[in-house]
Amino acid sequence: MSTEEITEAVNLLSAVESQTQDVTKLVDHLLKKATENEYNTSKGISFLELKYQLLLSYLMNLTYISLQKSQGSSIQDDPTIDRLIEIRTVLEKMRPIDKKLKYQVDKVVRTAASGGTDSSDPLRYRANPENLISKLDDESESESEGEEKKSKIYHPPKLTAMHYEGDETEMDKDQKVLERAKKRALSTSMLRELREEFSEGPTEIRETTSTQRSRAERKLRERTHYEEENFMRFSVSKKDKGKKGKKAKQIISKKFVYDYMKPIFVSNVAKSPD
Amino acid sequence: AATIRTRKFMTNRLLCRKQMIVDVLHPGKATIPKTEVREKLAKMYKTTPDVIFCFGFRTKFGGGKTSGFGLIYDSLDFAKKFEPKYRLQRHGLVEIKKTGRKQRKERKNRQKKVRGTKKAKVGAGKK
């Protein structure tokens, strides 16, 4: 060992000696206090106090064990080990309770550290149960007063969230209209039938529930099915002729078809002088 | 320019014929006459057009597509045996004698005046 290390060791040992003297003085003081029943334990000790007492005793026992081991004496059948085990189990059992108290403890610690709380601390807010009670009973009483207070402008009640359209430009609106027209044109029965004809996949029979025309369409479908099965044609009664006439009143001329299908071929909206 | 497609093809062995649904696509034109449809079907199924009987052609709303029925018999004899008279008459194979509507009604009215077997005698002699 070098001289530096020796001097360092000597210094440390002397420090240890002085500190042990202080510690013994403190311990004697505490012992006197404890024997004179200055610490009132009639109501039991608090959870937090128990926690640090247990930790302290755990440390003491641990140091005793390590002392024994450094001296070379065996620790077999030493009651210290039982004590250690007991303290350890209690600490383990305390852990979930400690977790539940964690929020409160942290808050208190933070308050202590920051030196007081300000009223606008967001953690101070909690639910106000009075706001949850419906106050409908008050409305009937205030009706007579309310008529005078009613404003001239009608404000519709805000029940659901509505789409906001204020930020759309003119071009965006035109584009949207065009897209919608395109979608509608693509899904006409004409194109759908063409697609069905030329597609190589199997025919799909889909169940659609269009409530408006479901009955009429179902009847028509039944009729055509019967006709095709039995190789005959029904004679159209006057009533049916009238019904077919209603649809026929939308005269599908070539120009109409062209205008309807035009959106499919328009790729983008340009400001046309229409 | 007309296209013919057949659907729901079935060989009816009992009536010695092939029956199908005929779809005619004729965009921009009027409905195609039945004789032309028969010609086209004959070409498709490699037979003579005289054993082919088409009927019930209905054009879909808006034009361009017509659906009807078609029967192709194995031979003309079978056709004459199984087809109804009015369809054979359309092909000119059978002549249906019609006495005229007015004549029939007048005969009926004359028959009303008589009772029993004399009705037949009345009808025979048209006054």
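To find a chain, count down the sequence lines: A is the first, B the second, and so on, and within it residues start at 1. Note that the structure is predicted; figures quoted are calculated from it, not measured.
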Requested in this report: For A:Arg95, look at atom CZ and say whether over 12 heavy atoms of other residues, nucleotides or ligands are found less than 6.0 Å away.
Outcome: no
Query raised in the report: Are more than 12 heavy atoms from other residues, nucleotides or ligands located less than 6.0 Å from atom CZ of A:Arg180?
Result: no
Query raised in the report: How would you list, in number order, the residues of residues 75-98 of chain B that have a heavy atom less than 4.5 Å from chain A?
Result: none
Query raised in the report: In terms of heavy-atom contacts, does NZ of A:Lys183 have more than 12 from other residues, nucleotides or ligands at under 6.0 Å?
Result: no
Query raised in the report: In residues 9-22 of chain B, which residues are in contact with chain A at a heavy-atom separation under 4.5 Å?
Result: B:Gln19, B:Met20, B:Ile21
**Report entry** pair A:Glu197-B:Asp23: side-chain heavy atoms closer than 4.5 Å
**Finding:** no
Query raised in the report: What part of B:Arg7 is in contact with chain A, defined as an atom under 4.5 angstrom from a non-hydrogen atom: side chain, backbone, both or neither?
Result: side chain
Query - Atom CD of A:Glu92 with >12 non-hydrogen neighbours under 6.0 angstrom - result: yes
Query raised in the report: Quick one: NZ on B:Lys65 to CG on A:Leu194, what's the gap to the nearest 0.5 Å?
Result: 8.5 Å
Query raised in the report: Can you tell me how far CD of A:Glu228 sits from OG of B:Ser67, rounded to the nearest 0.5 angstrom?
Result: 7.0 Å
Query raised in the report: Is B:Glu106 atom CD crowded by more than 12 heavy atoms from other residues, nucleotides or ligands, each under 6.0 Å away?
Result: yes
Report task. Determine whether more than 12 heavy atoms belonging to other residues, nucleotides or ligands lie under 6.0 Å from atom NZ of B:Lys40. Result -> yes
Query raised in the report: Going from CZ on A:Arg233 to CZ on B:Phe69, what distance comes out if it is rounded to the nearest 0.5 angstrom?
Result: 4.0 Å
